[in-house]
Amino acid sequence: MNSSHKLLNQLTVGFDSKKIKVRVTRMWDAINTNTGDVFALEMVLLDENDNHMVAIVPKNLVQRFRPQLLEGDVYILEKFRVTPRKQSWNVVHNEHNIYFTYTTLVKKLDGRMSSIKFHKFEFIDFNDLSSRCQVFTFLSDVVGRLSKVGPIYEVSKSNGTVKKRDIAITNKSGESINVTLWGTTSNQFDDETILVSDQPLVFVISSVTVKQFRGSYYLSSTTATRVYMNLNISEVADYLNCIDSTAPQTIEVLHPPKTREAIQQLMFKNRKLLSEIYQIMAGVQTEELVYTSKVTILKVDFNSQLYYKACPKCQRKVTLQGSNFVCNACNQNVEYPKLRYMLKVLASDATGSAWFVIFDQEAERIIEHKLSFVLEEFNKEGFSNEIVSSIINKITWKPFVFQIKLNNYNLEQGSNRFTVTRWFHCDFERETNFMLSQIGGTNNQYQHETSSSQIPISTPDDSNQQHFNTLHMNHSSEGSTKITEEGNPHKKICMRSDNEKPINADLHGQIKENVQTEENSKQVPEE
């Protein structure tokens with residue numbers, strides 16, 4: 001090593017004018033996934049003693065330094081700043097990062113003659129992945145034989161559509177794990193090469209997060225993820241030596257998932273008004289428990305907790321017993337519970353209102369911010385915080401389609417607080433076509449939105465028998481909608497107005513009642 005060059009492990013926090021000789025082994029754009037904006041250019045640097053460290057080019061200097069840097073090349077860097085590593089999303093284990101400044105100098109060398117390796121990874125065993133589940137301090141590198149591959153397809157997100165691909169890799173013990181590749185990561189390898197290859201294919205996948213779905217762990221790519229096929233490193237060579245190359249190499253081709261069009265159709269599956277859902281809860285026999293309802297969000301409840309402490313494995317609520325958190329579902333102590341979104345919103349349609357609870361990923365998708373970020377901002381200034389205010393303003397008085405599943409709280413205890421399993425943005429054209437198809441077909445549940453309609457309302461009487469009254473909605477000469485009742489005038493009818501009140505007046509009263517009910521009873525439903 002040249003004495004004029006420092007090694008990466010010799011750097012200390014502060015401005016350093018000494019030179020370092022390093023190879024850029026990986027480089028990527030750090031992207032805000034909510035907006036799609038590039039906020040930095042990041043890379044992994046490797047020196048002659050096999051030390052590696054992340055270097056960051058801030059947004060305002062990206063255009064200046066991007067043309068000077070190329071993945072795989074060797075450089076002399078000097079006049080940069082050394083800082084402590086980030087609190088989360090670290091690609092390598094090193095206590096420091098390098099930051100490029102206006103004065104940083106970059107000199108390219110002939111990397112072909114350098115002793116610096118081209119790659120270095122920190123592979124984690126499949127059996128240890130559970131310790132990294134939903135823990136984002138450090139990202140993970142994995143290696144395994146490709147056993148499944150799916151096509152690239154598009155999924156809808158709050159900020160548009162994004163490409164996605166599902167694959168699976170298998171370790172030497174025959175254990176497999178699914179990997180979801182997002183965005184540009186999904187096309188980092190060629191489909192044709194995989195389909196025509198008669199040789200084993202060993203994949204190296206860097207910088208992924210570990211997540212859990214329905215009790216199984218899976219890996220998810222990040223903007224720093226790179227996918228390599230049969231890379232020339234010792235770990236891949238060990239895999240290839242363990243595989244019988246003479247045996248047929250089979251890779252399962254996964255079926256394409258539902259198309260985006262099919263996913264959009266879920267918006268209208270089992271579409272119900274809130275009044276009809278209340279009828280089902282009152283005892284109308286049905287085999288369906290999952291429904292969709294088009295509602296408008298009236299209130300976001302930031303007064304109650306936005307989260308609950310959950311078991312990282314099963315996602316259920318943990319309880320504090322003595323000094324330990326315990327998951328009753330898993331029957332074990334939980335050392336580090338996960339803080340999980342529990343967003344409560346009050347929403348209504350033309351027939352009533354209800355409280356809805358939106359959990360975890362669906363809540364993060366509608367808010368477009370991580371829970372940790374929202375809590376940090378809310379703790380600063382509460383409702384006066386600009387971020388918190390923008391979250392509330394962005395989703396209140398906006399229409400959404402909620403997919404809900406009736407659970408024991410609804411069916412047995414009569415709770416009018418529903419768990420949202422999925423939500424959709426309202427598509428005006430699709431909603432209009434759907435209503436027209438319902439009006440013109442045999443299902444007339446949406447005819448109340450025309451000038452005249454009849455809505456059957458289930459009304460339990462004193463003997464707990466189910467009866468139906470018909471509410472006629474007629475337009476008065478002033479253009480306001482009024483409601484009159486036919487049938488027994490002494491019966492209480494759920495969510496109805498007095499004879500001379502417009503429907504919105506009764507809805508306002510019911511909203512106040514629901515708000516009071518929510519304040520008096522705050523329980524966390526088990527998923």
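Being a predicted model, the structure only gives us computed values, none of them experimental.
A donor-acceptor contact shorter than 3.5 Å is absent between the side chain of Arg340 and the backbone of Tyr308. In this structure, Arg165 contributes its side chain and Ser186 its backbone to a donor-acceptor pair below 3.5 Å. No donor-acceptor distance shorter than 3.5 angstrom exists from the side chain of Gln134 to the backbone of Leu339, with no hydrogens or angles considered. Panel note: side chain Lys148, backbone Ile169; no donor-acceptor pair is recorded below 3.5 Å. Listed for the Asn230 side chain is a donor-acceptor partner under 3.5 Å among the backbone atoms of Pro200. Of the possible donor and acceptor atoms, one in the side chain of Trp423 sits under 3.5 Å from a partner among the backbone N and O of Glu362. A donor-acceptor pair under 3.5 Å is formed between the side chain of Ser147 and the backbone N or O of Ala168. Listed for the Asn90 side chain is a donor-acceptor partner under 3.5 Å among the backbone atoms of Thr137. Remark: the backbone N or O of Ser207 is paired with a side-chain donor or acceptor of Asp141 at under 3.5 angstrom. Without hydrogens or angle criteria, Tyr239 side chain to Ser234 main chain gives no donor-acceptor distance under 3.5 Å.
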Practice problem: Begin from the C-alpha positions of Thr319 and Asn328 and carry the test side chain to side chain contact (heavy atoms under 4.5 Å, CB included) through to its verdict. | Solution: CA-CA 8 Å; Thr319 57; Asn328 294 323; 4.0 Å; yes
Quiz item: Leu41 and Trp28: side chain to side chain contact (heavy atoms under 4.5 Å, CB included), yes or no, with the steps?
Solution: CA-CA 6 Å; Leu41 176 66; Trp28 63 93; over 6 Å; no
Quiz prompt | Working for ring-ring contact (aromatic ring centres under 6.0 Å, His included), residues Phe424 and Phe402 | solution = CA-CA 7 Å; Phe424 306 88; Phe402 285 169; 9.7 Å; no
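Checked for salt-bridge contact, Arg81 and Asp16 miss the test: no charged N lies under 4.0 Å from a carboxylate O. Under a 4.0 Å N-O distance rule, the pair Arg66/Asp29 qualifies as a salt bridge. Of the charged side-chain nitrogens involved, none lies within less than 4.0 Å of a carboxylate oxygen, so that Lys164 and Glu154 do not count as a salt-bridged pair. Taking a cutoff of 4.0 Å between a charged side-chain nitrogen and a carboxylate oxygen, Asp47 and Lys21 do not qualify as a salt bridge. The pair Glu78-Lys18 does not meet the salt-bridge criterion, since no charged nitrogen lies less than 4.0 angstrom from a carboxylate oxygen.
Of all the heavy atoms in Val210 and Ser140, the pair that sits closest is CG2-OG, 4.2 Å. What you find for Tyr218 and Ile177 is that their closest heavy atoms are CA-CG1, 4.1 Å. The two residues Ala347 and Ile297 have their closest heavy-atom pair at CB-CA, 4.0 Å.
His52 and Glu122 form a side-chain donor-acceptor contact under 3.5 Å, judged by distance and modelled atom types alone. If you check the side chains of Tyr307 and Asp360, you find no donor sitting under 3.5 Å from an acceptor. The closest side-chain donor-acceptor pair between Thr170 and Ser176 falls under 3.5 angstrom. No side-chain N or O of Thr222 forms a donor-acceptor pair with one of Trp89 less than 3.5 Å apart. Side chains of Thr292 and Gln403: no donor on one and acceptor on the other come within 3.5 Å.
Note on ring orientation: taking the six-membered ring where Trp is involved, the planes of Phe138 and His93 are parallel (angle under 30°, cut-offs 30° and 60°).
Taking CZ of Phe203 as the start and CD1 of Ile194 as the end, the distance is 4.0 Å to the nearest 0.5 Å. Once rounded to the nearest 0.5 Å, the distance linking CG of Asn94 with CG of Leu8 reads 7.5 Å. For the atom pair Leu46 CG and His119 NE2, the distance stands at 10.5 Å (nearest 0.5 Å). In this structure, OG1 on Thr185 lies 10.0 Å from CD1 on Ile205, to the nearest 0.5 angstrom.
You'll find the ring centres of Phe418 and Phe356 inside the 6.0 Å limit.
Remark: of the listed residues Arg226, Arg23, Arg26, Arg226 is the sole one forming a side chain to side chain donor-acceptor pair (under 3.5 Å) with Glu71.
Evaluation of the ring pair (Phe, Tyr, Trp, His ring centres under 6.0 Å) test over residues 318-344, restricted to residues two or more places apart or in two chains, returns none.
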Using residues 56-64 as the side-chain source, report each donor-acceptor pair under 3.5 Å to any protein atom, sequence neighbours left out, with the distance given to one decimal.
| residue | atom | partner | partner atom | Å |
| --- | --- | --- | --- | --- |
| Asn60 | ND2 | Tyr102 | OH | 3.1 |
| Arg64 | NH1 | Tyr102 | O | 3.0 |
| Arg64 | NH2 | Tyr102 | O | 2.9 |

